[in-house]
Amino acid sequence: MPELPEVETIARSLAPLLTGRRVRRLTLRATRLRKPLDSSLAEAVYGRRIEEVGRRGKYLLLHLDDGFTWIWHMGMSGCLVHQRLGETQAARKHDHVIAELDDGGRLVFNDPRRFGLSLVDRMATCGLFSAMGPELLDVQAFNGPYLASWRRRTGRNIKDVLMDQRVVAGLGNIYASEILFVCGLRPTRRLARMSRAACDAVVVAAREIISEAIEHRGTSVSDFLDGIGKPGGYQWRLRVYGRRGQACPRCGSAIKSVLISQRSSFYCPRCQK
DNA sequence: GTAAACCTGGCA
DNA sequence: TGCCAGGTTTAC
């Protein structure tokens, strides 16, 4: 579920509901997500006011009034949903973290696979972000020359490189496939063998696809929901992801898939060179 | 580099 | 029953 457009969608839907709210109580119903959850989390957020809702790469950020940030990662299957006073419901299976707010609303983290993450840290010193690459939509930082500069440093294929959070933050398996379709490059293509113009084309396609996906509020393949429990709409616009054997939207050839770094990558054998 | 690990659920 | 799934880390 949660690549950049999905996390951005969650952040935008939660911002008006969480900004200015204080955390009144925290309930942990699982002992560990990707890392152990302990009572220090409750101590860190108790009584704190949420000043701002943000995002960095695939991480959702709740900036608190003491300079710390409540950092969330959705893993593969996590959803962070706000329930208003009156629509609160009994805890469901896989509701792992429940925060009660000062207006009677609740913030509930549900994650069947428990690959998610919830912790409090300072952004400036948090190791999760120290090696993270630029934001994909930051034109000053993520551009053709920047991507081309990685050609010296890696002989990897372009699909791997795009999904490397140290190169650019926010891309995962769905959008990497979509971007490479739009710019006509095979996912197996080595970055080192790409021209400067090809690097430019990848960046342009990335901005286009990600902007479009944010406009459509992300992709719900099976279970993605935004901060108010509403699915995204971009799954209807996917060009190649998950469409093995179906017709390429451009030329009609059958979409193929290939395993790259243990992940399925989808491409059109005719349109992508 | 590549595989396996962490987890559950859905589908063939 | 086995395989696959939006991610990341850790171990050969």
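Residue numbers begin at 1 in each chain, while the letters A, B, ... track the order of the sequences.
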Does any part of the side chain of [Y], heavy atoms only, come nearer than 4.5 Å to the side chain of [X], both counted from C-beta?
| X | Y | answer |
| --- | --- | --- |
| A/Phe115 | A/Leu33 | no |
| A/Glu6 | A/Ser220 | no |
| A/Glu178 | A/Leu238 | yes |
| A/Lys230 | A/Arg217 | yes |

Taking any heavy-atom pair under 4.0 Å as a contact, classify A/Ser261: base, sugar-phosphate, or nothing.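 Counting heavy atoms under 4.0 Å across all strands, no contact is made by A/Ser261.
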
Is A/Ser220 touching bases, backbone alone, or none of the nucleic acid, heavy atoms closer than 4.0 Å?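 The answer is base, as A/Ser220 lies within the cut-off (heavy atoms under 4.0 Å) of a base atom.
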
Between [N] ([atom2]) and [X] ([atom1]): distance, integer Å:
| X | N | atom1 | atom2 | result |
| --- | --- | --- | --- | --- |
| A/Ile260 | B/dA3 | CD1 | P | 13 Å |
| A/Met76 | C/dC3 | CE | P | 17 Å |
| A/Glu6 | C/dA5 | CD | C1' | 14 Å |
| A/Arg166 | C/dG7 | CZ | C1' | 15 Å |
| A/Asp111 | C/dG7 | CG | P | 13 Å |
| A/Arg190 | B/dG1 | CZ | P | 9 Å |
| A/Asn157 | B/dT2 | CG | C1' | 13 Å |
| A/Asp164 | B/dT2 | CG | C1' | 16 Å |

Residues forming a side-chain hydrogen bond (donor to acceptor under 3.5 Å, both in side chains) with A/Arg55, sequence neighbours excluded: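 Per chain and number, A/Arg55 pairs via side-chain hydrogen bond (donor to acceptor under 3.5 Å, both in side chains) with A/Glu8, A/Glu135.
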
Paired and unpaired positions of DNA chain C as dot-bracket, Watson-Crick or G-U wobble under 3.5 Å, | denoting a partner strand: |||||.||||||

Any idea which heavy atoms bring A/Leu18 and A/Ile50 closest together, and the distance?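 Closest pair (atom of A/Leu18, atom of A/Ile50, distance): O-CB, 3.6 Å.
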
Could you tell me how far C/dA11 sits from B/dC7 if I compare only their P atoms? Round to whole Å.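 The same atom, P, in both gives a distance of 15 Å.
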
Say you pick atom C1' in B/dG1 and the same atom in C/dA5; how far apart are they, in whole Å?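 Approximately 24 Å lies between the C1' atom of B/dG1 and that of C/dA5.
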
Phosphate OP1/OP2 of C/dT8 contacted by A/Lys35 side-chain N/O (<4.0 Å):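 Answer is no, no contact under 4.0 Å.
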
Is the distance from OP1 or OP2 of C/dA5 to the nearest side-chain N or O of A/Ser77 less than 4.0 Å?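 For A/Ser77, the contact criterion (side-chain N or O under 4.0 Å from OP1 or OP2 of C/dA5) is not met.
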
Suppose clustering is done on Ile, Leu, Val, Met, Phe, Trp and Tyr with side-chain heavy atoms closer than 4.5 Å. Which residues sit in the same group as A/Leu119?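 Once heavy-atom contacts under 4.5 Å are chained together, A/Leu119 belongs with A/Tyr59, A/Leu61, A/Ile71, A/Leu117, A/Met123, A/Leu128, A/Phe129, A/Met132.
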
Close approaches to DNA chain B from residues 228-249 of chain A, in residue order (heavy atom, under 4.0 Å):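 Residues of residues 228-249 of chain A under 4.0 Å from DNA chain B: none.
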
Would you kindly say whether A/Ser77 and A/Arg113 are connected by a side-chain donor-acceptor distance under 3.5 Å?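 Per modelled atom types, A/Ser77 and A/Arg113 side chains form no pair under 3.5 Å.
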
Would you call [X] and [Y] a salt bridge, taking side-chain N to carboxylate O under 4.0 Å as the test?
| X | Y | value |
| --- | --- | --- |
| A/Arg156 | A/Asp164 | yes |
| A/Arg22 | A/Asp65 | yes |
| A/Glu212 | A/Arg239 | yes |

Hey, which sits more toward the 5' end of DNA chain C by its nearest nucleotide, A/Phe266 or A/Leu128?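 Its nearest nucleotide being more 5', the pick is A/Phe266.
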
Pairwise side chain to side chain donor-acceptor pair (under 3.5 Å) hits with a residue in residues 99-110 of chain A, at least two apart: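 Every pair satisfying side chain to side chain donor-acceptor pair (under 3.5 Å) with a residue in residues 99-110 of chain A: A/Arg21-A/Asp102, A/Arg25-A/Glu100, A/Gln83-A/Arg106, A/Asp95-A/Asn110.
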
Once each nucleotide of nucleotides 6-12 of chain B is scored for protein heavy atoms under 4.0 Å, what B/S/- sequence comes out, 5' to 3'? BBBS---

